[in-house]
Amino acid sequence: MTADSKHGSLPPSTSAPAGIDPDRTALRQFEAHAEATNDIFLVAARVIANVVEEASRILEAGDAHGPRCDPAACWDALWLAWRPYACNWKGIWWESVAVPDDVSDEEAFRAELKELATDSLALLKSAIDDGRFPALFTAEVYGSLIGMFEMNNLAIEVPSPLESYLEALDESPSTAGSLGSLRDRIEEAAQHPGEGTAYYRLACCANHSCVPNAKATRRTGLDVGGNLALIAEGPITAGEEITISYVDESEPLEQRQRALMDYGFVCSCTRCLQEEQGP
Ligand SMILES: [Zn+2]
């Protein structure tokens, strides 16, 4: 069993990682575009910001001759900073995402996704690109990051933001008291968790099986702050591959296969093969 941390969303535009001096107006335009189109752009931007921050730190630390900023050093720093994100590459978003059932023109659908991502990247570039890491601000890298999140992310429940609002209220009894019955309604609403999506660097290395030997889940009361646990469904022998189900494995073969199209593969686990052959 292992706990794994998630990546959060882009921080509010009032705070920027070290090594980045964003254009605030452009950053707000980028965020507004993402909120209106696909909020995964916010998470992809967070990765790009983290990579710039880490590469800046590496350049700042420099070598025996002190801090460096020449193109070769920038490339080396970028390569090191990018490495943690290279392991879960799945495909470029607009090329690999499954086409929804109600879309008849696949080419137009993929072109539209590419245009959305291109517009988003242009806004992000205006906001945070200082010219040191041109290889990071390319359509291929951005499309790969979005693809990585779209195809690896797990749905999670997150605590209602009203919980922390309530805590803040209760630290000021006079304010809480003046709210009267409104406070009770806030407390009631705060008990309903929000829906979120998270990328878990370790858990998403697990391949799919319709007879998985583990499940990725949040344990009520234990996995707070977005942590996730991989829990064995039974004994797992040393060297045995750990698998999880990407879809509802209680569904019949046809529904499972259709749901797995989102991940770009046809399942050939022992159960699928048996069910394909029929009773
Ligand atoms: Zn299967």
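Side-chain polar atoms of Gln255 and Asp248 form no donor-acceptor pair below 3.5 angstrom. With 3.5 Å as the limit, one finds a donor-acceptor pair spanning the side chains of Arg132 and Ser56.
Hydrophobic clustering places Trp94 together with Val103 (ILVMFWY residues linked when any side-chain heavy atoms are closer than 4.5 Å, directly or through intermediates). Following chains of ILVMFWY side-chain contacts shorter than 4.5 Å, one cannot reach Ile242 starting from Leu202, and the two form parts of different hydrophobic clusters. Ile236 and Ile231 are assigned to two separate hydrophobic clusters, defined by single-linkage of ILVMFWY side chains at heavy-atom distances under 4.5 Å. Met261 is not connected to Met148 by any chain of hydrophobic side-chain contacts under 4.5 Å among Ile, Leu, Val, Met, Phe, Trp and Tyr, and they are in different clusters. Transitive grouping of hydrophobic side chains (ILVMFWY, heavy atoms separated by less than 4.5 Å) keeps Ile58 and Ile48 in distinct clusters.
Between Ala81 and Pro84, the shortest heavy-atom contact is O-CD, 3.3 Å. Closest non-hydrogen pair, Ala55 versus Ala77, comes out as O-CB, 3.7 Å. When all heavy atoms are compared, the tightest approach of Asp23 to Ser126 is CB-O, 3.6 Å.
Tested against Arg110, the residues Glu106, Glu112, Glu107 include a single side chain to side chain donor-acceptor pair (under 3.5 Å) partner, Glu106.
Ring geometry for Trp75 versus Trp79: interplanar angle under 30°, hence parallel rather than tilted (30 to 60°). His33 and Phe41 have parallel rings, their planes meeting at less than 30° on a 0 to 90° scale where 60° marks the start of perpendicular.
In this structure, Val247 and Ser245 have side chains that are in contact, with non-hydrogen atoms separated by less than 4.5 Å. A heavy-atom distance below 4.5 Å is found between the side chains of Arg46 and Asn50. Using a 4.5 Å cut-off on side-chain heavy atoms (C-beta onward), Tyr142 and Thr118 make no contact. Counting heavy atoms from C-beta outward, Leu273 and Thr270 have side chains that stay 4.5 Å or more apart. Using a 4.5 Å heavy-atom cutoff, the side chains of Ile128 and Leu124 are in contact. With contacts defined as side-chain heavy-atom distances shorter than 4.5 Å, the pair Asn213/Glu241 does not qualify. Contact of the Asp119 side chain with the Phe30 side chain is not registered, since no non-hydrogen atoms from C-beta on lie closer than 4.5 Å. Side-chain contact between Leu166 and Arg183 is present, with heavy atoms from C-beta onward closer than 4.5 Å.
In the displayed structure, Glu60 atom CD is contacted under 6.0 Å by at most 12 heavy atoms of other residues, nucleotides or ligands. Within a 6.0 Å radius of OH in Tyr165, no more than 12 heavy atoms belonging to other residues, nucleotides or ligands are found. By the 6.0 Å contact criterion, CD on Glu254 is open, its count of non-hydrogen atoms from other residues, nucleotides or ligands being 12 or less.
Although no hydrogens or angles enter the test, the distance criterion places a donor-acceptor pair under 3.5 Å between the side chain of Gln257 and the main chain of Cys267. Between the side chain of Arg271 and the backbone N or O of Cys210 there is at least one donor-acceptor pair closer than 3.5 Å. Glu240 places a side-chain N or O within 3.5 Å of a backbone atom of Thr237 that can act as its donor or acceptor partner. With hydrogens and angles disregarded, no donor-acceptor distance shorter than 3.5 Å links the side chain of Asn207 to the backbone of Ile244. Between the Ser120 side chain and the Leu116 main chain, no donor and acceptor come within less than 3.5 Å of each other.
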For Asp130 and Asp21, run side chain to side chain contact (heavy atoms under 4.5 Å, CB included): C-alpha distance rounded to whole Å, both residues' side-chain angles, the deciding distance at 0.1 Å, then the answer. CA-CA 8 Å; Asp130 61 11; Asp21 181 20; over 6 Å; no
Worked check of side chain to side chain contact (heavy atoms under 4.5 Å, CB included) between Asp184 and Glu188: CA-CA 6 Å; Asp184 295 339; Glu188 208 275 317; over 6 Å; no
Using side chain to side chain contact (heavy atoms under 4.5 Å, CB included), reason through Thr243 and His208 one step at a time and then give a plain yes or no. CA-CA 5 Å; Thr243 53; His208 164 85; over 6 Å; no
Side chain to side chain contact (heavy atoms under 4.5 Å, CB included), that's the test. Do Phe133 and Trp82 meet it? Break it down for me. CA-CA 11 Å; Phe133 310 111; Trp82 173 256; over 6 Å; no
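Separation of atoms CG (Leu59) and CD (Glu54) is listed at 10.0 Å; rounding is to 0.5 Å. Put simply, CG on Leu260 and SG on Cys272 are 7.0 Å apart, with the number rounded to the nearest 0.5 Å. Interatomic distance, CG of Leu78 versus CG of Asp76, reported as 9.5 Å (0.5 Å rounding). The OG atom of Ser96 sits 13.0 Å away from the CZ atom of Phe265 when rounded to the nearest 0.5 Å. Atom OG1 of Thr37 is separated from atom CD of Glu35 by 9.5 Å, given to the nearest 0.5 angstrom. Here the straight-line distance linking atom OG1 of Thr138 with atom NZ of Lys125 works out to 9.0 Å at 0.5 Å rounding.
By the 4.0 Å N-to-carboxylate-O rule, Arg57 lies too far from Glu53 to be salt-bridged with it. Residues Glu275 and Arg256 are paired through a salt bridge, judged by an N-O separation under 4.0 Å between the basic side chain and the carboxylate.
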